[in-house]
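Each ligand, and each atom within it, is numbered from 1 in the order the structure gives.
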Amino acid sequence: MNFNDGMLKEGTLSGKNILITGGGTGLGRAMGEYFLELGAHLVITSRKLDVLQKAAKEMMDSKGGKVVPLACDVRHIDQVEEMWMEATRQMGQIHVVLNNAAGNFISPTERLSANAFNTILDIVLKGTSQLTLTAGKDWISKQQGGTFLNIVTTYAWTGSAYVVPSAAAKAGVLAMTRSLAVEWAKYGIRSNAIAPGPFPTEGAWSRLLPGNLAQQFDPSKKVPVGRVGDHQELANLAAYLVSDFSSFVNGEVVTIDGGEWLKGAGEFNNLDQIPQELWDMMEASRNKKS
Ligand code: HXC
Ligand code: NAP
């Protein structure tokens, strides 16, 4: 048994139709592929229809099942509503919405234009709220319930320099997740979030570690377990959180980062740089005094 093996039993997601924003690339695609393996059908949506169509074909060829690609820019409510109507027309009921689409880049905040800041807020916070509202209203009016899973990051609660619009937006998504977990539970709607640490993807690495930054700031060095995440590990957690096995999990944010954010937070965590010989000397000097 390996950490990068599929974890759940066959058929765990049979009968579930799952809509994934940003489902044609990176982590959205990786989670989608595992959902297919577990018996779900998918709608994948983002701005680039050609990318989605290619991904949908490849996913169905390799994993089977049904994958419907639908173009939608989540920043525009008319597109979100139209996409939702088309998704439900083609799939019938949608049982799960995975809010995974995001935009991000690194920059000193004082260098950002208002449009740059708003672009990230619009994709991450407004995009998530618009789809959540559209799906939630539909689920409530049809009395059918549903499950939201929102992808945030650990800096949703720590904040982070140089990605301030993303940090502000993800914090908003996390607050929304916890708020609706309470407000909409009476309608049979659960809301949870995952906060991943570093999981290499083309989309994130090209924007957050451009050029040779990945060598200079090797993300695995910040992680106590000494490595970055594997996509299957995230897919295992996501599959659990959208499955009926997690029916009593509501309003939770699950961190999957190998201990990364806590390493940055603990007052004395950098003492792991002290060599054994120095600990020996300190112990010897303590023993001498007593
Ligand atoms: C400063 C920037 C910029 C940059 C764009 N802008 N890139 N400002 N630094 N690197 C500014 C532009 O000049 C413009 O402002 C405004 O932002 C909008 O830019 P556009 O290119 O017109 O926007 P758009 O075509 O809508 O593209 C959105 C995007 C792009 C966010 C800029 O990168 C994108 O499509 N991203 C989607 C995928 C993505 O980002 N994936 C990574 C997620 S990783 P002006 O004023 O000039 O008009 C992630 C990980 C989190 O979230 C945690 C990691 C541990
Ligand atoms: P990615 O491949 O770049 O994924 C982002 C997706 O969002 C793309 O498929 C993109 O597709 C879609 N998207 C962007 N703007 C959109 C818009 N306006 N409307 C609809 N879709 C849009 O990067 P990723 O690393 O897989 O990131 C996936 C999620 O994980 C994000 O929420 C990210 O914040 C989170 N995350 C990633 C990491 C990591 O280490 N990779 C860590 C923590 C959190 P189009 O370009 O076709 O629109």
Side-chain angles (χ1 to χ4, degrees), residues 19-32 43-56 69-77 79-80 83 98-128 130-131 149-156 158-160 162-171 173-174 193-211 213-214 217 219-220 222-223 228-231 233-235 237-238 253-258 260-261 264:
L19 186 149
I20 308 176
T21 65
T25 67
L27 302 182
R29 175 165 172 172
M31 291 185 277
V43 174
I44 57 173
T45 179
S46 74
R47 293 164 301 177
K48 298 182 191 120
L49 188 59
D50 54 336
V51 172
L52 293 169
Q53 283 169 334
K54 184 166 178 289
L70 294 177
C72 166
D73 186 328
V74 290
R75 292 173 286 193
H76 303 296
I77 187 65
Q79 291 189 33
V80 172
M83 181 277 292
L98 174 46
N99 281 304
N100 163 80
N104 206 352
F105 41 65
I106 48 167
S107 174
T109 307
E110 70 277 13
R111 289 179 183 236
L112 294 175
S113 67
N115 186 41
F117 207 119
N118 288 338
T119 297
I120 303 306
L121 291 180
D122 283 353
I123 300 171
V124 176
L125 181 53
K126 195 168 132 189
T128 303
Q130 292 190 149
L131 178 54
L149 180 60
N150 299 328
I151 305 300
V152 296
T153 73
T154 55
Y155 60 61
T158 62
S160 176
Y162 302 105
V163 285
V164 169
S166 172
K170 295 285 192 183
V173 172
L174 182 55
I194 294 178
F199 283 75
T201 65
E202 165 61 26
W205 258 227
S206 65
R207 291 172 177 93
L208 304 177
L209 295 163
L213 285 191
F217 300 97
S220 66
K222 289 173 63 209
V223 181
V228 292
D230 183 276
H231 289 193
E233 293 176 288
L234 178 70
L237 176 59
V253 54
V254 184
T255 300
I256 177 165
D257 75 341
E260 184 197 39
W261 86 266

| request: Around atom 6 (C) of ligand 2, find the nearest protein heavy atom and jot down its residue, atom name and distance. | output: Gly22 CA, 3.7 Å

| message | Could you go through Leu98 and Ile151, starting from their C-alpha distance and side-chain angles, then the distance that decides it, and tell me whether this counts as side-chain contact (heavy atoms from CB on, under 4.5 Å)? | response | CA-CA 8 Å; Leu98 174 46; Ile151 305 300; 3.9 Å; yes

| remark: Checking heavy atoms under 4.0 Å, the part of Pro198 that sits near ligand 2 is backbone

| field | Residue Lys170 vicinity, atoms of ligand 2 by number, heavy atom under 4.0 Å | value | 31 (C), 32 (O), 33 (C), 34 (O)

| query | Would a 4.5 Å heavy-atom cut-off, applied to side chains only, mark Ile106 and Pro210 as touching? | reply | yes

| Which atoms from ligand 2 have a heavy atom of Ala204 less than 4.0 Å away? | 25 (O), 41 (N)

Measure and list all N/O to N/O distances between ligand 1 and the protein that fall under 3.5 angstrom.
unit_1	atom_1	unit_2	atom_2	d
ligand 1	15 (O)	Ser113	OG	3.4
ligand 1	26 (O)	Arg75	NH1	3.0
ligand 1	26 (O)	Arg75	NH2	3.3
ligand 1	33 (O)	Arg207	NE	2.8
ligand 1	35 (O)	Arg47	NH1	3.3
ligand 1	35 (O)	Arg47	NH2	2.7
ligand 1	36 (N)	Arg207	NE	3.4
ligand 1	40 (O)	Asn104	N	3.0
ligand 1	40 (O)	Arg207	NE	3.4
ligand 1	46 (O)	Ser113	OG	2.5
ligand 1	48 (O)	Asn115	ND2	2.8
ligand 1	52 (O)	Asn104	ND2	3.2

| query | Is it true that Pro196 lies under 4.0 Å from ligand 2, counting heavy atoms only? | reply | yes

| field | Lys54/Lys48 under side-chain contact (heavy atoms from CB on, under 4.5 Å): CA gap, chis, key distance, verdict | value | CA-CA 10 Å; Lys54 184 166 178 289; Lys48 298 182 191 120; over 6 Å; no

| task | Starting from atom 16 (C) of ligand 2, find the nearest protein heavy-atom neighbour and note its residue, name and distance. | result | Arg47 NE, 3.6 Å

| message | Could you tell me, atom by atom, which parts of ligand 2 come under 4.0 Å of a heavy atom of Arg75? | response | 18 (N)

| field | Atom indices of ligand 2, in the order listed, that fall short of 4.0 Å to a heavy atom of Gly26 | value | 2 (O), 26 (O)

| query | So which heavy atom on Ala195 is nearest to which on Thr154, and how close? | reply | CB-N, 3.9 Å

| note | Only one of Val228, Ile256, Asp230 passes side chain to side chain contact (heavy atoms under 4.5 Å, CB included) with Phe199, and that residue is Ile256

| message | Can you report which non-hydrogen protein atom sits closest to atom 19 (N) of ligand 2, along with the distance? | response | Val74 N, 3.0 Å

| Relative to ligand 2, is Asn100 under 4.0 angstrom through side chain, backbone, both or neither, heavy atoms considered? | both

| remark: Taken to the nearest 0.5 Å, the spacing of Ile123 CD1 from Asn118 CG works out to 11.0 Å

| message | Starting from atom 30 (O) of ligand 2, what is the nearest protein heavy atom, named by residue and atom, and what distance separates them? | response | Ile151 CG2, 3.4 Å

| field | Nearest heavy-atom neighbours spanning His231 and Pro200 | value | NE2-O, 2.7 Å

| field | Nearest non-hydrogen protein atom, atom 25 (O) of ligand 2 | value | Thr201 OG1, 2.7 Å

| field | Closest protein heavy atom (residue, atom, distance) for atom 11 (O) of ligand 2 | value | Ser46 CB, 3.3 Å

| field | Ile123, portion touching ligand 2 at heavy-atom distance under 4.0 Å | value | side chain

| said: Side chain or backbone, does Gly203 bring an N or O within less than 3.5 Å of an N or O on ligand 2? | reply: no

| request: Give the numbers and elements of all ligand 2 atoms closer than 4.0 Å to a heavy atom of Trp205. | output: 40 (O)

| field | Approximate separation, where rounding is to 0.5 Å, of Lys170 NZ and Asn104 CG | value | 7.5 Å

| query | Which atom pair, heavy atoms only, marks the closest approach of Leu125 to Val173? | reply | CD1-N, 3.7 Å

| message | I'd like to check Leu131 versus Leu19 (side-chain heavy atoms, cut-off strictly below 4.5 Å). Are they in contact? | response | yes

| said: Looking at every heavy atom in both Ala193 and Val152, which two are closest together, and how far apart are they? | reply: CB-CG2, 4.2 Å

| said: Can you report which non-hydrogen protein atom sits closest to atom 13 (N) of ligand 2, along with the distance? | reply: Ala101 CB, 3.9 Å

| query | Counting from 1, what ligand 2 atoms have a heavy atom of Val152 closer than 4.0 Å? | reply | 43 (C), 44 (C)

| note | Between the CG atom in Leu52 and the CD1 atom in Ile44, the distance rounded to the nearest 0.5 Å is 5.0 Å

| field | Gln130 side chain reached by Gln79 side chain, heavy atoms, under 4.5 Å | value | no

| query | Which pairs, with at least one residue in residues 20-31 and sequence neighbours excluded, count as a salt bridge (charged side-chain N to carboxylate O under 4.0 Å, His left out)? | reply | Arg29-Glu33, Arg29-Glu58

| message | Does ligand 2 come near enough to Lys48 that some N or O of the ligand is less than 3.5 Å from an N or O of the residue? | response | yes

| note | In ligand 2, the atoms that come under 4.0 Å of a heavy atom of Cys72 are 19 (N), 20 (C)

| request: Report the member of Gly197, Ala102, Gly103 with the shortest heavy-atom distance to atom 14 (C) of ligand 2. | output: Ala102

| note | Between Asp257 and Trp261 the two heavy atoms that sit nearest each other are OD2-N, 2.8 Å

| message | I'd like to check which ligand 2 atoms, numbered from 1 as shown, lie under 4.0 Å from a non-hydrogen atom of Thr153. | response | 43 (C), 44 (C)

| query | What is the closest protein heavy atom to atom 26 (O) of ligand 2, and at what distance does it sit? | reply | Leu27 N, 2.8 Å

| query | How far apart are the C-alpha atoms of Leu121 and Lys126, what are their side-chain angles, what is the distance that settles it, and do they pass the side-chain contact (heavy atoms from CB on, under 4.5 Å) test? | reply | CA-CA 6 Å; Leu121 291 180; Lys126 195 168 132 189; over 6 Å; no

| task | Answer yes or no: is there a side-chain heavy-atom contact under 4.5 Å between Val74 and Thr128? | result | no

